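So the structure is just underneath, and the comments pick up after that.
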Amino acid sequence: MESQNVWLLPVILFWPAVSAIFVLFSNNDRLIKWGSIVASLVPLILSIYLMSAYDYTAGGMQFEVRAPWIESLNASFHLGADGLSVPLIFLTAVLSTLSIYYSAGTIRMRVKEYFCMFHLLMMSMFGVFMALDYVLFYVFWEISLVPMYLLIGIWGGANRNYAAIKFFIYTLIGSVAMLLAILAIYFVTGTFDIIDAAAAKPFADFPPDRALLLGSLVFWGFFFGFAFKVPSFPFHTWLPDAHTEAPTAGSVILAGVLLKLGAYGFLRIVLPTLPVASQYWSQWVVALGAIAIVYGAFVCVAQTDLKRLIAYSSVSHMGYVMLGIGAAANVLTPEGQKAAMETFNLSQQTVMDSAAMAINGATLQMFNHGIITGALFLLVGVIYERAHTRDLSLFGGLSTKTPHYYGLMMVAGFASLGLPGLAGFWAEFFTFRGAFAIVPYWAAFGAIGIVMTAVYILWRIIQNVFLGEYDPHKLHHWTTVYGEEADGPTDMALFEKITLWPLVIGMFVLGIYPTFILNYFNGSAVSILAYIQSLYS
Amino acid sequence: MEGFLNLAWLAPVPPFLAFLAIVLFTNRNKTVSALVAIGGAVISFLLSWPIAFAAFGAEHFGAHPVEGQLFSIPTGNSAIHVGYLVDAPSALMLFMVSFLLVMIFVYASGYMTFPHHLSVADYPLAASQGKDPRYSRFMAYISLFATGMMGLVVSNSLITFFIFWEVMGLCSYLLIGFWYEKASARAASIKAFMTTRVGDVIMLIGMMMLYIYSEPSSLMFSEMLNVHNLEHLAELSMPTNWAVIGGLPIIGIISVLIFFGTIGKSAQFPLHVWLPDAMEGPTPVSAMIHAATMVSAGVFLLIRLYPLYAVTLEAAPAAMQFVAFIGGFTALFAATIAVAQWDIKRVLAYSTISQLGYMVAAIGIGAFPAALFHLLTHAFFKALLFLGSGSVIHGVEHGLHHVHEHSHGHDAHGDEHGHGHHAPALIQRPDGVLNPEDAQDMRNMGGLLERMPRTGWTFIIGGLALSGFPLLTAGFWSKDEILSFAWDGGNTIVFWTLALAAFLTAFYTMRQIGMTFLGAPRTEMAEHTPESVPTMTWPLLLIAPFAIFLGWVGIPGWFGIPNWLEGFLEHHIEYNQFHVAHPHFSFVPLSVSLIVALGGLAVGYMVYGQGLREGEVDPVRKLLGPIWVVFHNKYYIDELYQYTIITFTLLLTNLLYLVDAKWVIDPIVNAVGRFGVWLAQVGAAFDRLIVDGLVNGVAAVTNLFGGWLRNTQDGKVQVYLMVVAVSMMVWLLLRAMPILLTLV
């Protein structure tokens, strides 16, 4: 790889840490807020530069940095970005900047701590997407827990303590499982480097039975670590609580980026490092994904709290990611490919393209879900700041009162239900296209979720909140977003519009021209699959 | 010329720009918004007609479709090419769609006056302008809809086709629920979206299969509809040993699954329930979306994919029998319902379902050109009828308004004419409940031909075309074509089903004309009905000629006139390497066509020719008794769905939520948490009692931690899943680590 722009990743990574320190030393709330906004623009601009500087036709890891770090452990400070991580770094930067900007308008309590935590959170997320060393990966993974725990626990809603602890302990248990898996990988390959460990083909020179047993144990270790984070059914119950209690910007980051860390782990670590075990257990991943899609969508319909509804919709939508990853995992080994080709009478090209499309669907869903659910949580924040309740039965007829809000919610809602022409569609389309070629029955089962998504978006959200006639007797106390008393619902303030419009434009752009992001994801999907194939054939 | 046709991809663009312009900039000014929307439609029309006529005029155009690509979406080592395609069917559609869109846009600009269900006090500004408070929003929505329809017509692959298909579905949802203050409109909009989405999801599965099993794997029309690929699909069979589908050629499964898209979009049985309710939308919407364009798109899908269905006809005849059955059944079933409806728009809605069933049945028996022909003629005359009905409703509402003002002015007469703006008392009748102020109930009309002659005569022209009035009207020729095909192909059951449906069509159309326009006015509001404004009547006058003359392009060859349409489509079909079937001339279908059309009209005229007298019960109700009631209540299918599928789904959602949060999953998590606290307490006790003093610090920490966690518990116990996870971890430690450690 060319060693151009080596400064880029470390600067993006540590800039937020520096910002956090500056926040720590200033005592003026206004200065902290504006300083944080300006500071967060730097990684955003750099990540846009990263997007343009990354050469997706060449593919592979670029901007690599490698320096000795903890020599006794043989751990190195190894950063790099490929077609998978570049868009996710960009997504992290966009959502963080927008969240910080939005928080500047709504956070009035303990401002310094809040923004300090937010910058640390930002750093840890960048770190996970950039790290190519297990120790480094694990460190950033764990760091990301603390600020989010505090964001929920301090700035959260009424039941915040329960939610924060549940979130923390749940993910911590997953982390322990992952740590064991990492140690196992280290013992067998002798390296903590993610790329080198995959290339060393762990367990490949063992007798097949033993290799499968050990590989499976390590697989499940990673699985728990990542699946708790995604979260995959049935390990998802921390998510509705955490989301519902978190402050708006916390929910945005939690749903928009933190959930993706889990899915990213599957693609970055599990598939390339343990293809045999992944293939062996792929049906489980597929099944959990498909069940999550349908189950999450059904549970959504029964919700009465708007924010909790959106939280459950994340369970359903992350199911697509699991479905796509599982489908691709099913054809990682030559045996898996052969089985798929013979059962369904397909050419190898079709099978491999289907696997690539399944991964494309999963990665695109990660990116799109970040934008869409980020926007939805912000939109929930908009109404909550005014009504101080999220009970769906207390709203109605807002479409005429707050047309701007209605318009944006419509776009985000329809993007979420996968309406073609908006971002969500392509992710669903590719996930199903990939999965149908490999695991058709589970994919067909998952398709029920598409119908139910429409039910909860249209029937629960749009109809309850926006349609009908506005009834002033339902809810007596309204304020403006600045906390002043108001007669009724007021339309969105400028800073809210500025936060949401970029996301809404993104939904249109990715819906009409998905090539823009797929150039990155597709390149990485094809090269991951080709790399595994070259290692194991 | 070739170069000019390459501009086809621009056709959907002007309406989209109009949509953006209205949403972002002009929405505060209603007049400007209307002009922007109409402007977008007109530009699109000015682009489409030259393209269409260039295609019509070109020598052997069918064999030279024009295709191009705009950009690609990578899919592994292959790619999806997004582009445009103009071939014979899309040229015909461009011709029809772009013209009707302009007409309907103009009509809508006059139609969207201040609605009666809103109170003037709430919207003083809109009321003073005399326009709907959301007039601009309406213009934006219909512009977006136009984008969808034009885009669908020029799509080059099933993916973009599906995208625009769904965009139309969205607009249909938005426009049906446009007057969302009415609970019925809200319910209808969701019903429409959900019902069609069920069809769409099944269609999506079919698309996926088509995409996956095609060689090369593609959804581009030019690649996947190639004969070699289709024969390849016909040779494959389903990789399953399930009953019914096991061993069937894959092509049959794909055809049926994709056909479900049509069942949803074109409102075929059993997913037809949304279309009658969709009449809650403003009438221009009914004319545009629910008669001329979107619902026909379902049939157009089948015509687009006709090579697929043509091969299916031979490889998996059962699949096509299914298509023909659904079409034929729907045609007859909906016609029987239409006979017993009173709402002027609902009659037309069931008529649309029935006519779409005709086209679907035609496709089921392989009569693709006939289906396309009927699609085109039907679009014109049904749009004409809907717009006419809108004009009638508008007029009668004006009449009602007049009556109200009149009764206000002269209180002495107040007792006799209702009670001003209060909801009037409903009248229970043997032929259904009657609201005496319902401007859509035909029992409140009568004698309107004298009062609104333009609307009336154009409506009669449209009605005659729908009935298939012999030789003159468009409907006759296209319907006759389908019947000839059915007879010639030996599809006797389809033939007689469609013939019976045609008889009923003529009958209920005459009933509608009679009840609405003929005889004497039955209410005071009907008496005071004025003719509509020119922006509404001119589109009627411009569409009416098509309802007659358009049929003449497809007069069968044995009549002595060259059949232009058949010749135009023949090149296209031969280009795709299929054989064109020419039905042999036979007196049976021709005479049956004549008899059912004239017979239905005649019987209809005998019964309803002078309307009904005030208070007279429908004679057919008296004749058929309880059967009529079943027709009137649409065979109770809505009720059936409500008490089965919908109730069950909602129960399931609540059940799963309880499983998630109250009964199983979350309680397990909490139980594990509580177990952790308990473990901590046991450890603490052990510490205190046995190793007291040594590790006090640890105990304190554990206690602290445990107490902390305890606060969060709320008293529900169950242990399974998380215990498994924890034991798994312990097991990992015990089993895996020694093995691993022996290795190093």
Side-chain angles (χ1 to χ4, degrees), chain A residues 161-162 165-166 169 173 176-177 180 184 187-188 214 217 220-221 224 234 237 295 298-299 301-303 343-347 349-350 352-354 356-357 360 399 407 414 419-421 425 430 432-433 436-437 444 447 450-451 454-455 458-459 463 467-469 513-515 518-519 522 525-526, chain B residues 23 71-78 133 159 162-163 166-167 170 173 177 180-181 183 186 190 193-194 197-198 201 204-205 208-209 211-213 215 217 236 239 650 652-654 656-657 660-661 665-666 669 673 676 708-709 711-712 721 725-726 728-729 732-733 735-736 739-741 743-744:
Chain A
N161 284 340
Y162 172 70
I165 280 279
K166 195 172 178 182
I169 292 186
I173 292 171
V176 172
L180 293 173
F187 287 136
V188 73
L214 293 173
L217 289 175
W220 284 104
F224 284 120
T237 51
Y295 175 89
F298 268 93
V299 174
V301 178
Q303 298 306 310
T343 320
F344 302 109
N345 237 317
L346 305 172
S347 68
Q349 151 111 29
T350 306
M352 292 321 284
D353 277 354
S354 300
M357 277 187 250
N360 283 347
S399 146
F414 276 98
L419 186 86
F425 169 71
F430 284 125
F432 278 120
R433 167 61 183 79
F436 259 109
I450 302 183
V451 177
V455 177
L458 299 184
W459 187 59
Q463 168 150 330
L467 303 186
E469 287 207 65
Y513 187 66
T515 316
L518 266 178
N519 278 334
N522 186 60
V526 170
Chain B
V23 169
F71 63 90
S72 301
I73 299 168
T75 55
N77 288 315
S78 51
I159 298 175
F162 185 74
I163 290 177
E166 291 283 298
V167 169
L170 164 73
Y173 161 80
Y180 51 70
E181 285 87 355
R186 295 199 295 272
I190 290 194
F193 196 89
M194 293 315 306
R197 199 163 174 91
V198 170
V201 167
L204 191 70
I205 296 175
M208 293 300 173
M209 287 180 67
Y211 195 170
I212 291 163
Y213 293 112
E215 280 295 332
S217 175
L236 292 178
L650 293 183
L652 191 61
T653 62
N654 285 311
L656 287 179
Y657 178 53
D660 198 73
I665 297 183
D666 216 27
V669 174
W708 197 14
L709 193 62
N711 289 336
T712 68
L721 212 55
V726 170
M728 186 95 187
M729 239 79 80
L732 255 171
L733 260 174
R735 283 299 298 276
I739 301 173
L740 293 172
L741 288 174
L743 304 174
V744 283

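Quick caveat, the model's predicted, so the values are computed rather than measured. Residue numbers begin at 1 in each chain, while the letters A, B, ... track the order of the sequences.
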message = Looking at chain A, which one of B/L170, B/V167, B/L650 has the largest number of heavy-atom pairs inside 4.5 Å, strictly under?
response = B/L170
ask   = Heavy atoms, side chains only, cut-off 4.5 Å: are A/W459 and B/F193 in contact?
value = no
remark   = Per-residue tally against chain A (heavy atom, under 4.5 Å) across B/L652, B/V23, B/L204 peaks at B/L652
query = Side chain, backbone, both or neither: which part of B/I190 has a non-hydrogen atom closer than 4.5 Å to chain A?
reply = side chain
key: Non-neighbouring partners of A/F436 that pass ring-ring contact (aromatic ring centres under 6.0 Å, His included), sequence neighbours left out   = none
ask   = Under a 4.5 Å heavy-atom cutoff, which of B/E166, B/R186, B/E181, B/M209 has the most pairs with chain A?
value = B/R186
key: Engaged part of B/S217 at the chain A interface, taking heavy atoms whose separation is under 4.5 Å   = side chain
request  = Decide yes or no for A/F430 and A/N522: does some side-chain heavy atom of the first lie under 4.5 Å from some side-chain heavy atom of the second?
outcome  = no
Contacting region of A/L518 [heavy-atom separation from chain B under 4.5 Å] = both
Partner chain B: residue of A/V526, A/V299, A/D353, A/T515 with the largest heavy-atom pair count (under 4.5 Å) = A/D353
remark   = Heaviest contributor of heavy-atom pairs below 4.5 Å to chain B, chosen from A/N345, A/N360, A/L419, is A/L419
key: Min side-chain heavy-atom separation A/F414-A/L458 under 4.5 Å   = yes
note = Interface check, chain A: of B/I212, B/L656, B/I73, B/N77, most non-hydrogen pairs under 4.5 Å belong to B/I212
message = Quick one, B/R197 and A/V455 - any side-chain contact, counting heavy atoms below 4.5 Å?
response = no
remark   = Residue set satisfying salt bridge (charged side-chain N to carboxylate O under 4.0 Å, His left out) with B/E215, at least two apart, ordered chain then number -> none
